[in-house]
Amino acid sequence: GPAKDAKIRVFNDAPLAVGPDGTIFVVDTQDRIRRIGTDGIIDTYAGGGQDATQNQDLGDGERALDHDFGEITGMSVGFDGSLYVADNDEFRIVRIRPDGQLQRVAGNGTNTIGLGGPALQQGIGAPLDVAENREGELIVRTRVPASAFGSPVRLLTINTEGGMAPLAGKIDGEECDESSEFRIPDGRPARDACFFQYSPGGGLALTGDGDPVIMQSRYWIYRASGPY
């Protein structure tokens with residue numbers, strides 16, 4: 001029905017994305033996605049279903065309306081009109097194609113963090129945001145498990161062949177904390193920087209050159225410039 005008459009339940013900083021034609025996608029109740037068309041009509045685009053298995057989104061995938069999301073924390077629209085979704089509770093990134101079919105593109109469903117390899121076979125932590133660059137690669141901002149050493153927040157890249165690699169955020173050496181010398185990453189290699197996350201929001205954006213821009217703590221915004 002008319003979007004102006006609809007009730008949308010949002011929590012914290014509810015993700016929102018806008019397609020190239022002006023269509024708006026907004027998260028409702030953390031686990032479903034509503035679509036507002038340019039004609040002002042709202043409908044449910046994805047979520048609200050009951051997955052038969054934990055891996056129903058692999059392979060050819062499933063209807064987006066049949067999928068059971070955990071907690072959606074980030075969304076973005078790709079260049080082909082696909083909607084990419086970060087599911088923080090299910091530890092995965094999924095793609096919703098323009099035909100309404102949903103497929104997992106990253107994450108093995110466990111709260112672990114991998115250092116490289118096939119994205120579907122690796123843990124990607126608890127993803128917060130996702131965006132596609134002009135080369136068709138996905139950039140993922142994720143929160144790593146509390147037991148992992150290094151930066152509490154990292155950036156991962158997923159190439160067009162499904163391979164995953166770290167992009168930014170310290171992955172070895174001492175654990176990052178507020179007293180770490182790497183806390184202010186100005187001028188450091190992106191993979192030696194410590195990034196933190198204090199609130200549900202934060203965000204990820206890409207420049208025209210494809211460089212990721214993220215919020216650090218509540219006070220700084222950083223750009224990671226390649227080559228990485």
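If you read the sequence from its start, that first residue is 1, and numbering goes on from there.
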*Begin from the C-alpha positions of Thr44 and Asp28 and carry the test side chain to side chain contact (heavy atoms under 4.5 Å, CB included) through to its verdict.*
CA-CA 9 Å; Thr44 300; Asp28 184 352; over 6 Å; no
*Ala119 to Val105 - nearest heavy-atom pair and separation*: CB-O, 3.6 Å
*asked:* Within this structure, what is the CG-CG distance for the pair Leu155 and Leu128, rounded to the nearest 0.5 Å?
replied: 10.0 Å
*At what distance, to the nearest 0.5 angstrom, does CZ of Arg143 lie from CZ of Arg154?*
13.5 Å
*Out of curiosity, does Ile113 fall in the hydrophobic cluster containing Phe91 (side-chain heavy atoms, cut-off under 4.5 Å, transitive links)?*
no
*Side chains of Arg104 and Asn55 in contact at under 4.5 Å (non-hydrogen atoms)*: yes
_Verify same cluster id: Leu138, Val144 (apolar side-chain graph, 4.5 Å)_ = yes
*Specify the closest pair of heavy atoms between Phe25 and Ile33, including all atoms of both residues, with the distance to one decimal.*
CB-CG2, 4.1 Å
*Can any side-chain N or O of Glu90 pair as donor or acceptor with the backbone N or O of Phe69 at less than 3.5 Å?*
no
*Do Leu16 and Ile42 share a hydrophobic cluster, counting only Ile, Leu, Val, Met, Phe, Trp and Tyr and linking them when any side-chain heavy atoms are less than 4.5 Å apart?*
yes
*Between Arg92 and Asp57, is any pair of side-chain heavy atoms under 4.5 Å apart?*
yes
*Could you give the distance from CD1 (Ile158) to CD (Glu132), rounded to the nearest 0.5 Å?*
11.0 Å
_Cluster overlap Leu65 with Val26, hydrophobic side-chain contacts below 4.5 Å_ = no
_Residues, nucleotides or ligands: over 12 heavy atoms within 6.0 Å of Asp21 CG_ = yes
*Are the side chains of Leu167 and Leu156 in touch, meaning some heavy atoms are under 4.5 Å apart?*
no
*Which heavy atom of Ser76 sits nearest a heavy atom of Ala131, and at what distance?*
OG-CA, 3.4 Å
*Atom pair CD/CZ of Gln103 and Arg95 - distance to nearest 0.5 Å*: 6.0 Å
*Which atoms form the tightest heavy-atom contact between Pro152 and Phe195, and what is the distance?*
CD-O, 3.2 Å
*Hydrophobic cluster membership, Val130 vs Val85, 4.5 Å side-chain cutoff*: no
*asked:* Minimum heavy-atom separation for Arg141 and Leu204, please, with both atom names.
replied: N-CD2, 4.2 Å
*Quick one: side-chain hydrogen bond (donor to acceptor under 3.5 Å, both in side chains) partners of Asn108, sequence neighbours excluded?*
Thr110
*If we only count heavy atoms from C-beta on, is the Pro118 to Leu120 side-chain gap below 4.5 Å?*
no
*Applying side chain to side chain contact (heavy atoms under 4.5 Å, CB included), run through Leu83 and Val77 and close with a yes or a no.*
CA-CA 5 Å; Leu83 183 67; Val77 179; 3.8 Å; yes
*Check whether more than 12 heavy atoms from other residues, nucleotides or ligands sit under 6.0 Å from atom CD of Glu135, and answer yes or no.*
yes
_Nearest-0.5 Å distance, CG of residue Leu102 to OH of residue Tyr45_ = 9.5 Å
*Step by step, work out the side chain to side chain contact (heavy atoms under 4.5 Å, CB included) result for Asp87 and Val94.*
CA-CA 8 Å; Asp87 191 330; Val94 301; 6.0 Å; no
*asked:* Test side chain to side chain contact (heavy atoms under 4.5 Å, CB included) on Asp209 and Arg134; report intermediate values, then the result.
replied: CA-CA 8 Å; Asp209 296 329; Arg134 290 184 296 182; 4.3 Å; yes
*Kindly say whether Ala126 contributes a backbone atom to a donor-acceptor pair with the side chain of Thr142 at under 3.5 angstrom?*
yes
*Heavy-atom closest pair, residues Asp129 and Thr73*: OD1-O, 4.0 Å
*What is the distance from atom CG of Asp31 to atom NE2 of His67, rounded to the nearest 0.5 Å?*
10.0 Å
